[in-house]
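Every chain is numbered from 1, with letters handed out A, B, ... down the list of sequences.
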Amino acid sequence: MKKVYMDHSATTPLHPEVIDLMKFAMEHVYGNPSSLYSLGQEAKKYVDEARQKVADLIGAGFDEIYFTGGGTESDNLAIQGAVYGNEKKGNHIITSAVEHPAVLDCCRNLEKKGYELTILPVDQYGMVDPEEVNKAIKKNTVLISVMHGNNENGTIQPVQEISKIAKKQGIFFHTDCVQTVGKIPVHVDDLGADLLTISSHKIYGPKGVGLLYKRKGVRVQPLIYGGGQERRIRSGTENTLGIIGFGKAAEIAARDLETENRRVKVLRDKLIKGVLEKIPQSYLNGHKEKRLPHNAHFSFAYVEGESLLLSLDMKGIAVSTGSACSSTSLQASHVLIACGQSQELVHGSIRFTLGRDNTEEDVDYVLSVLPGVVERFRSFSPLGGENAL
Amino acid sequence: MKKVYMDHSATTPLHPEVIDLMKFAMEHVYGNPSSLYSLGQEAKKYVDEARQKVADLIGAGFDEIYFTGGGTESDNLAIQGAVYGNEKKGNHIITSAVEHPAVLDCCRNLEKKGYELTILPVDQYGMVDPEEVNKAIKKNTVLISVMHGNNENGTIQPVQEISKIAKKQGIFFHTDCVQTVGKIPVHVDDLGADLLTISSHKIYGPKGVGLLYKRKGVRVQPLIYGGGQERRIRSGTENTLGIIGFGKAAEIAARDLETENRRVKVLRDKLIKGVLEKIPQSYLNGHKEKRLPHNAHFSFAYVEGESLLLSLDMKGIAVSTGSACSSTSLQASHVLIACGQSQELVHGSIRFTLGRDNTEEDVDYVLSVLPGVVERFRSFSPLGGENAL
Amino acid sequence: MYNPTVMDHFENPRNVGEIADADGMGEVGNLSCGDILRVYIKVKDNILEDVKYKTFGCGAAIASGSMLTELAKGKTVEEALAITNNTVADALGGLPPKKKHCSNLAADALHKALEDWQTKK
Ligand SMILES: Cc1ncc(COP(=O)(O)O)c(C=O)c1O
Ligand SMILES: Cc1ncc(COP(=O)(O)O)c(C=O)c1O
Ligand code: FES
Ligand code: FES
């Protein structure tokens with residue numbers, strides 16, 4: 001059966017060049033980078049090379065990169081770290097309603113602990129209005145966290161404008177770039193970020209490793225104490241193998257950024273056009289232009305996402321959904337709801353996220369399969385047709 | 001040149017069987033375990049298999065295992081998590097003076113935040129007296145954390161007796177088993193642990209992955225919030241590759257525990273005997289019998305550890321030292337100091353930790369090289385000889 | 001961690017030892033931080049005819065002592081007084097940041113030895 005993986009925003013396979021380097025490292029790079037003898041120093045050299053590569057990818061300094069156990073940890077370190085590390089500056093956090101749970105749940109937990117939290121609303125595309133940021137700022141605001149590109153509907157936020165406002169008021173600005181890095185240019189100075197999150201496994205590197213960019217001079221309290229690795233910000237023996245793979249993935253992401261994403265965007269546009277043409281009552285979620293080049297996110301009226309997902313899986317197509325039925329918490333996508341979408345449409349949402357391995361044939365295959373699957377579930381549905389909402 | 005790696009307590013090379021499985025997983029297991037389609041569920045199956053293997057290794061239930069980013073994170077999650085998660089029970093923590101920094105610095109940070117901390121003294125071997133634990137307990141004691149085996153001098157603590165005391169008083173008991181698992185039997189019920197830490201890279205698995213065992217019913221607050229992975233205790237996309245390697249390493253550790261450690265102990269004993277015989281004014285640190293089977297830790301009067309380490313490295317021998325000069329903080333080993341050793345002897349301490357790759361030839365090689373190296377540095381030293389302290 | 005020059009001086013330290021009839025001796029450091037360095041000098045006609053050292057310290061301390069003796073030997077007292085920790089570290093091609101104090105040890109010990117010679121003179 002044909003296999004089409006279109007869930008690259010969930011995770012990506014390792015790039016073949018990453019695999020090759022990691023295979024080498026598994027056999028040859030086993031010292032502890034903190035050890036003084038040559039085997040340890042050799043491992044440190046590899047870790048430092050990777051650090052330089054990820055720094056180069058985002059225009060950061062070598063010393064501004066802190067490796068972590070993933071994007072989620074980096075978000076938590078940025079937010080908890082900046083808040084706990086700057087208690088004298090204030091106790092109010094601003095974020096948006098469409099953030100990843102790694103940001104949103106972290107902030108909500110701080111709210112439970114007594115910090116003040118403002119969650120900014122978004123428009124129908126999931127976009128934050130910088131004017132709202134301005135209005136939300138108080139004397140005690142210490143941190144603003146707004147993501148660069150949304151993991152569900154692909155909308156790109158006006159991060160530059162928001163960071164300018166933060167800077168003017170002397171407030172730290174964090175941005176989650178897990179979905180944008182390797183897809184669109186991410187440069188710490190262009191974005192005006194004080195803190196910035198990246199995860200390796202979204203750019204064809206291994207899972208379980210990520211980084212926090214921390215601008216020189218920004219105070220962050222560690223989440224994890226111990227041996228003092230990563231210049232005391234993140235203790236724990238370095239995940240050398242993961243970091244080495246991450247470094248290679250970053251190098252490739254920088255090298256192939258333009259060509260690959262131009263290629264993927266063409267496929268993605270064909271997919272969007274085809275779906276909206278072929279399937280009645282299908283809607284594109286997220287912003288039309290200001291969106292990630294690999295993201296096509298739809299809601300289909302009268303069908304439920306998990307069923308769609310499972311049927312597509314049977315046909316070899318891997319995608320994700322914002323349906324409540326599919327989530328551990330049985331709650332529908334907070335992103336689509338924040339965009340004002342009805343619960344019913346949210347339940348019928350499907351995300352396609354393209355990547356390096358996808359071809360035009362893959363898109364044609366999806367376009368040949370999807371309409372029939374949607375149609376079939378609609379024929380089961382008590383909604384729609386005569387019973388239309 | 002001959003290469004002898006004798007720093008297995010710092011980290012271990014990947015076991016060949018672990019490498020094989022990880023090579024397979026790199027190519028074939030790339031789904032996100034949280035994804036519903038088959039590729040994701042396949043990844044989940046691998047993660048679950050690994051979870052069963054690590055659970056079996058320590059006699060725990062499948063649902064009592066929480067994967068983390070390493071031993072350091074597990075220690076922090078156990079301690080911060082238990083303290084923050086049980087604020088109503090109390091705010092006093094008991095630990096020992098010889099814990100790993102992942103425990104000690106984590107506890108010290110809580111002390112700064114207003115929690116009460118008792119750091120138990122140890123005897124000359126680094127052993128905690130259970131009677132001291134009893135005396136230290138207060139009404140508001142919520143957690144006792146005492147490690148199983150020491151990473152520096154190899155001394156094994158009377159963990160069973162301490163956990164019994166904790167249990168009687170209804171206090172949670174955490175034990176760091178990073179150094180003991182795979183070396184001596186570690187069973188959660190035998191040890192009486194409510195919380196227990198293991199790290200993968202000390203048992204021939206990959207770095208950057210570890211686990212927290214949490215007995216059913218013990219409340220722990222997460223350090224990291226987000227997608228709710230690891231049953232909400234540790235969010236973040238699972239480090240599938242690392243977890244798969246860890247699982248395999250655990251399987252091998254269980255299988256080879258007895259034979260391998262009997263073999264290593266014979267070599268280690270030969271090393272200890274040889275060193276003490278051949279090198280005047282050399283001292284064995286840690287307990288003679290109650291010690292890890294692979295650990296030989298010495299102090300040599302009148303020489304400095306970092307120089308010794310570098311000279312041994314030039315001869316292909318990798319070891320570690322507790323000398324202040326070798327540490328980032330320029331502070332001498334807190335473990336040896338807690339054992340009452342003089343600063344000067346601490347500076348001359350060298351740790352040999354043997355492992356699977358070591359042979360009797362390796363020991364003979366060390367014994368042929370070490371006395372000369374020590375002698376040479378003694379001839380440089382302003383201490384000793386006529387200027388003896 | 002250390003550059004090849006440092007490693008060379010570590011492996012083959014120059015002028016290790018004591019001078020039995022030294023004209024001056026200087027020792028710095030203390031055991032609590034593990035760093036002790038002792039310098040012996042022999043002075044004739046205002047020239048440092050011989051310089052030797054002993055140390056209980058790390059690789060950087062051993063290399064710094066060795067480099068110091070090479071720098072100081074044959075110099076006038078004035079020239080020797082002008083040797084600083086930076087002179088030593090630079091001659092070694094640089095030391096890791098946290099090892100800068102080890103080169104202090106060497107220069108300071110030399111200055112103490114010169115003081116000792118001065119007071120004995
Ligand atoms: C926007 C965003 N932030 C954070 C994360 C979390 O990263 P990780 O999966 O490495 O924990 C993800 C992906 O899951 C994401 O899409
Ligand atoms: C006793 C002990 N606890 C905790 C750790 C930390 O584990 P990790 O290196 O996986 O962070 C180590 C090793 O460094 C250790 O020896
Ligand atoms: S209908 Fe079954 S979970 Fe929604
Ligand atoms: S002598 Fe201790 S760090 Fe150099």
**Report entry** Under 4.5 Å from any heavy atom of chain A - which part of B/N32
**Finding:** both
Report summary line: Given A/K113, A/R108, A/H100, the one with more heavy-atom pairs under 4.5 angstrom with chain B than any other is A/K113
Report summary line: For B/K207 and A/N239, the nearest pair of non-hydrogen atoms, with its separation, is O-OD1, 3.2 Å
Report summary line: Under 4.5 Å to a heavy atom of chain B? For A/V29 that would be neither
Query raised in the report: At a heavy-atom separation under 4.5 Å, does B/V209 approach chain A through its side chain, its backbone, both, or neither?
Result: neither
Requested in this report: Determine, step by step, whether A/Y37 and B/D7 satisfy the side-chain contact (heavy atoms from CB on, under 4.5 Å) criterion, reporting the C-alpha distance in whole Å, the side-chain angles of both residues, the deciding distance to 0.1 Å, and the verdict.
Outcome: CA-CA 10 Å; A/Y37 42 77; B/D7 202 15; 2.5 Å; yes
Query raised in the report: What do the steps show when you test B/M22 against A/L241 for side-chain contact (heavy atoms from CB on, under 4.5 Å), and what is the final call?
Result: CA-CA 11 Å; B/M22 286 178 71; A/L241 184 62; 3.6 Å; yes
Query - Under 4.5 Å from a heavy atom of chain A, the part of B/S35 involved - result: side chain
Query raised in the report: Hey, does B/L223 have a side-chain heavy atom less than 4.5 Å from the side chain of A/Q80?
Result: no
**Report entry** B/D105, B/N76, B/L77 screened by side-chain contact (heavy atoms from CB on, under 4.5 Å) with A/I224, the one that passes
**Finding:** B/N76
Query raised in the report: Which bit of B/L309 comes within less than 4.5 Å of chain A, counting heavy atoms only: side chain, backbone, both or neither?
Result: side chain
Query raised in the report: Which of the residues A/P16, A/G70, A/G31 is involved in the greatest number of heavy-atom pairs with chain B at under 4.5 angstrom?
Result: A/G31
Query raised in the report: Does any non-hydrogen side-chain atom of B/Y5 lie less than 4.5 Å from one of A/L39?
Result: yes
**Report entry** Side chain, backbone, both or neither of A/S38 within contact of chain B (heavy atoms, under 4.5 Å)
**Finding:** both
Query raised in the report: What part of A/L310 is in contact with chain B, defined as an atom under 4.5 angstrom from a non-hydrogen atom: side chain, backbone, both or neither?
Result: side chain
Report summary line: Note: A/G227 and B/P101 closest approach over all heavy atoms is N-CB, 4.0 Å
Query raised in the report: Less than 4.5 Å apart, any side-chain heavy atom of B/E238 and any of A/H201?
Result: no
